Amino acid sequence: MSSFQTLPGFREFYPEDLARRNHIFRRWRQAAHAFGFAEYDAPVLEPLDLYKAKSGDEIEGQLFNFTDKGGREVALRPEMTPTVCRLVGAKASALKRPIKWFSIAEFYRYERAQKGRQRSFFQLNADIFGESGPEAEIELIALLIQCLAGFGLTKDDFYVRLSDRDLWFFYLEALGFGDAPARELLGAIDKFEKMGDDTFKTYGEKHGELEPGKKAAILGFMKIRSLDALEREIAGLPQEQLKARVADWRKVLEGVSAMGLGEYVSVDLSVVRGLAYYTGFVFEAFDRQGDLRALAGGGRYDTLVEKLGGPALPAVGFAIGDVTTGLLLEQRGVMPAFVNAPDIYCVIGGAPERLAAFADIHVLRAAGRRVEYPMKELAFGKQFKAAAESGAKLALIYGGDELAKGIVKIRDLTERSEREVPRDQVVSAVRDFFSGQ
RNA sequence: GCGGUCAUAGCUCAGUUGGUUAGAGCACAAGAUUGUGAAUCUUGGGGUCGCGGGUUCGAGUCCCGUUGGCCGCCCCA
């Protein structure tokens, strides 16, 4: 056992693990491409201030940060959003709208690892810039669903909870709350699912006890699970803004329903999402059984590009992580078994036969066939066993008898049948075999 | 940062009130087997019992510490 251990929360990817990871990335990338998103990448190491500007000084405790040899305060990226805001902000005037971008990248957070959470993890980030209407939300929610449905998961496996910070602010305003108490309440609402009634304690200490009538109204608003119920709830309220928001809600829900995804999305105003830079719709994906952490999360952040030094540019985005997604795929049995099988295994007699085989092996490999052969001289019996175990479809047999006759035996390892072909026709015979598959 | 729990071969685990040189299955490798398939048999490599200290004539086993894994709390962009 090595005395050098991996750092806590970091994973090593042996071939089998990497095959699983690549499978996840491949499906994500397929989905993003199908939706017309362009892929980008950016530095892993960023100035520390980039994250402080977005999230405040207290973020430093959760970062892998240090001073580099040039005296710069730097951090391994904990998320993509500030970076992509900078990229887009710098070239905003030259980019065709809407800007639809995605990336698959590794992130680092200095937190205690637990189920579904590591210190290093991968995320797909997808964002739309330059579109202020709910059409962007429709596109991203549909993409998020496809990023999970692409594995064969269905509406019985996961769902997306949709909420709206603007709607909450307008509603709380209608109940008579000012801006600061409203923000405090959103924090409390976010934690209600976990903490229950205690979550309003801090609010009570800061802004005075919550009136029972208002509290009941807030709890009732959180329990709304349909657009109809939402419309009934706000019908008597005077705020025009509320009605405009509900019109946007109708657009989003009609849009995803028209795509056939209605059953994946549920109205759920108990979702608020932690940090305060979200400005409108927010959404999170969860497994239906509810025993995993969130699969994905996102929302609208219309002020962030400008806050980070760019032009005013509306934006919506989400991120989906590899750790929880992988757990869900394993749990539902939709993670394929990855067999690392060659197309062809060569059975080779001795030294002269090996050189003859090499000629064909390289031609086949150059044509893209995956070909393997034993590195050392092995008894024929062993070689046939190895050929069968390798998972190859074909075996090419280069024995002394065959070469003396100017032929090579091609064995179909599935059918267990053999035929002889002249040596100069091996490559075309192999091509014919695989084109017929 | 806090709490619970665990740590013996690559993997899954056994290991008696503390007692000889720490075991099994699987996996890996070699042979039986120099011309045809996942079998069988034989053999082999592989361990600082996570690490450090203590108690003891003697510690994988008991005690303390520490590191790491898992689970949870805080946090979750």
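The structure presented is a predicted model; accordingly, all values stated were derived computationally and were not measured. A note on names: the letters A, B, ... follow the listed sequences, proteins ahead of strands, and every chain is numbered from 1. Note: hydrogens, waters and symmetry copies are ignored here, and every other heavy atom, side chains too, is used.
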* Side-chain H-bond candidate by donor/acceptor type, Thr6(A) with Glu12(A), under 3.5 Å -> no
* Asked: Dot-bracket for RNA chain B: what is it, with Watson-Crick or G-U pairs under 3.5 Å, [ ] where a pair crosses earlier ones, and | for a pair to another strand?
  -> (((((((..((((.....[...)))).(((((.......))))).....(((((..]....))))))))))))....
* Ignoring hydrogens and angles, state whether a donor on the side chain of Asn125(A) or Gln123(A) is under 3.5 Å from an acceptor on the partner side chain. => yes
* Grab the CD-P distance between Gln62(A) and C74(B) for me, whole Å please. => 13 Å
Between the protein and nucleotides 69-73 of chain B, list the N/O to N/O atom pairs that are separated by less than 3.5 angstrom.
| from | atom 1 | to | atom 2 | distance (Å) |
| --- | --- | --- | --- | --- |
| G69(B) | OP1 | Gly9(A) | N | 3.3 |
| C71(B) | OP2 | Lys115(A) | N | 3.0 |

For residues 35-43 of chain A, run the donor-acceptor check on the side chains, cut-off 3.5 Å, and write out each pair with its distance to 0.1 Å, sequence neighbours left out.
| from | atom 1 | to | atom 2 | distance (Å) |
| --- | --- | --- | --- | --- |
| Glu39(A) | OE1 | Arg29(A) | NE | 3.0 |
| Glu39(A) | OE2 | Arg29(A) | NE | 3.2 |
| Glu39(A) | OE2 | Arg29(A) | NH2 | 2.8 |
| Tyr40(A) | OH | Ser103(A) | OG | 3.3 |

* **Partners meeting salt bridge (Lys or Arg N to Asp or Glu O under 4.0 Å) with Lys307(A) (sequence neighbours left out)** => none
* Structure fact -> In whole angstroms, the gap separating C1' of G37(B) from CD of Gln383(A) amounts to 13 Å
* Asked: With a 6.0 Å cut-off on ring centres, are Trp168(A) and Phe221(A) close enough?
  -> yes
* Structure fact -> Separation of A77(B) atom C1' from Leu308(A) atom CG, nearest Å, is 12 Å
* Structure fact -> When Glu389(A) and Thr81(A) are each assigned the nearest nucleotide of RNA chain B, the 5'-most assignment goes to Glu389(A)
* To do: Write down the distance between CG (Leu63(A)) and P (C75(B)), rounded to a whole number of angstrom.
  => 17 Å
* Asked: Between Asp343(A) and Arg369(A), is there a side-chain N and carboxylate O pair less than 4.0 Å apart?
  -> yes
* To do: List in chain and number order the residues that pass ring-ring contact (aromatic ring centres under 6.0 Å, His included) with Phe358(A), two or more places apart in sequence or in another chain; answer none if no residue qualifies.
  => Tyr373(A)
* Does the side-chain hydrogen bond (donor to acceptor under 3.5 Å, both in side chains) test come out yes or no for Arg27(A) and Asn22(A), once each step is laid out? -> CA-CA 9 Å; Arg27(A) 290 283 182 275; Asn22(A) 284 338; over 6 Å; no
Pick out the pairs of N or O atoms, protein on one side and nucleotides 26-35 of chain B on the other, that lie under 3.5 Å.
| from | atom 1 | to | atom 2 | distance (Å) |
| --- | --- | --- | --- | --- |
| G35(B) | O6 | Gly400(A) | N | 3.1 |
| G35(B) | O6 | Asp401(A) | N | 3.1 |
| G35(B) | O6 | Glu402(A) | OE1 | 3.2 |
| G35(B) | N1 | Glu402(A) | OE1 | 2.7 |
| G35(B) | N1 | Glu402(A) | OE2 | 2.9 |
| G35(B) | N2 | Glu402(A) | OE2 | 2.3 |
| G35(B) | N2 | Lys409(A) | NZ | 3.4 |

* Rounding to the closest angstrom, what is the interatomic distance between G46(B) and A24(B) at atom P? -> 14 Å
